[in-house]
Amino acid sequence: RIASAAPDALGVPVTIEDHGVGWFSAAHLDGFVVEQPNGFSADRPAISLTSAECDIDWSGLLGGTVKIDTRIEGFDLTIVQQEDGRTNFDALGENLRGKKKQPQVSQEPAPEPPKQQEQKPSEPQDVGEDPLRPHRPDLVVRRSSIEGRHATKGLLERLTNLELEVHKAAGATEVEVRLSADVERPKGQTGNLRLLAKVDKGMASPMDVRVDCDDFDLSRYRPLLAVALGDDQVRALEGVVTAHATVTGDPKSQIEVRGDIEIDAPHFAGELFKGMDIRAPRFELHPNLAARFGDDGRPTGLDVDGLKVDL
């Protein structure tokens, strides 16, 4: 079913070497390849996956806990940009959205709007407990890459040795994320991207977030976000980022933000940025500050003596 549905949804050839789902064993997908859309170089596929396996351990179901282990090997994305700035993932996104059923326009006259009634203050809604809290989902991505290429200029940027780990213990709300990749550019320049984050969704335990990157070009990855979130959400995402920063502390007492963040030629626009269109020659942020919180979680103080912002 996957092999027949994917080409129709994406509008490009899709091949799968093997896939399967067991009643009490892992589901697996091997040799998954999505070719380039029409008008884009076909010397390498848009998406290539060596193998993916999802193992669900139902043994703890009676106790309310399910273990979900997902392992992905060799997940490679190739982003191709044409002279007009359009990319292959823009085309894939258009194909995918074009397959969705368009709403039919009614020929009936529009009904009269209902009379306005006095609005009563709404009560806070109980969104309930996080459905993932009792469970233990783990995700590991190994030996993957993201490559950006121009139709005539060749390589723009390549993330290699891309590895991602996401872990959460059963019954906990704290999530640990580790991301690392090496960056390669056309003239032999190299860089890196490192992210370590331990964050509690319930804000009940200390957090530790560390970011290190050198000359990371955000514009290379806007097409992926646009496909995932929609073009209106991310109309512009540009800027070359160099950042070495940390966010540490206990949300119940004090959080400290330290480091240096520099963004050359930043440009952010779209609903993701509250509809704003933000651009400047350069941003420099040196967020050496500390925020203090009371027992009720409300801020009680902010130390900004070391804060420096150049916009």
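Any value given below was found using the heavy atoms of this structure, including those in side chains, with hydrogens, waters and symmetry copies removed.
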Take atom CG of N38 as the centre, draw a 6.0 Å sphere, and report whether it contains more than 12 heavy atoms from other residues, nucleotides or ligands.
-> no
Please answer whether the main-chain N or O of G230 pairs with a side-chain N or O of E271 as donor and acceptor at a distance below 3.5 Å.
-> no
NZ/NE/NH1/NH2 to OD/OE distance under 4.0 Å, R71 and E73 | no
Looking only at non-hydrogen atoms, find the nearest pair between L155 and P186 and report the distance.
-> O-CG, 2.9 Å
Atom CG of L164 and atom CZ of R178: how far apart are they, to the nearest 0.5 Å?
-> 11.5 Å
For D200 and T173, test the side chains for any donor-to-acceptor distance below 3.5 angstrom and give the result as yes or no.
-> yes
How far apart are the closest heavy atoms of F75 and I47, and which atoms are they?
-> CE1-CG2, 3.7 Å
With a 4.5 Å heavy-atom cut-off, do I261 and F283 have their side chains touching?
-> no
Charged N to carboxylate O under 4.0 angstrom, D250 versus R292?
-> no
Could you go step by step and tell me if R194 and R210 meet the side-chain contact (heavy atoms from CB on, under 4.5 Å) rule?
-> CA-CA 8 Å; R194 303 286 185 270; R210 302 174 185 273; over 6 Å; no
Nearest heavy atoms of F268 and I263, plus distance in Å | CZ-CD1, 4.5 Å
What are the two closest heavy atoms between D90 and R222, and how far apart are they?
-> OD1-NH2, 3.3 Å
Are E174 and K198 within salt-bridge range, i.e. N to O under 4.0 Å?
-> no
Under-4.0 Å salt bridge between D69 and K67 = no
Look at the side chain of N288 and the backbone N and O of G259, then say whether any donor-acceptor pair between them is shorter than 3.5 Å.
-> yes
Residue list, side chain to side chain donor-acceptor pair (under 3.5 Å) with H150, at least two apart or on another chain | T152
How are the rings of F216 and Y221 set to each other: parallel, tilted or perpendicular (split at 30° and 60°)?
-> parallel
D76 bridged to R158 by N-O distance under 4.0 Å | no
Crowding at NZ, K252 (>12 non-hydrogen neighbours, <6.0 Å) = yes
What heavy-atom pair brings P37 and V12 nearest, and what distance separates the two atoms?
-> CA-CG1, 3.4 Å
Can you find a side-chain donor-acceptor pair between D260 and H286 that sits under 3.5 Å?
-> yes
Got S145 and L162 here, is their nearest side-chain heavy-atom distance under 4.5 Å?
-> no
Side-chain ion pair, R142 and E165, N-O less than 4.0 Å = yes
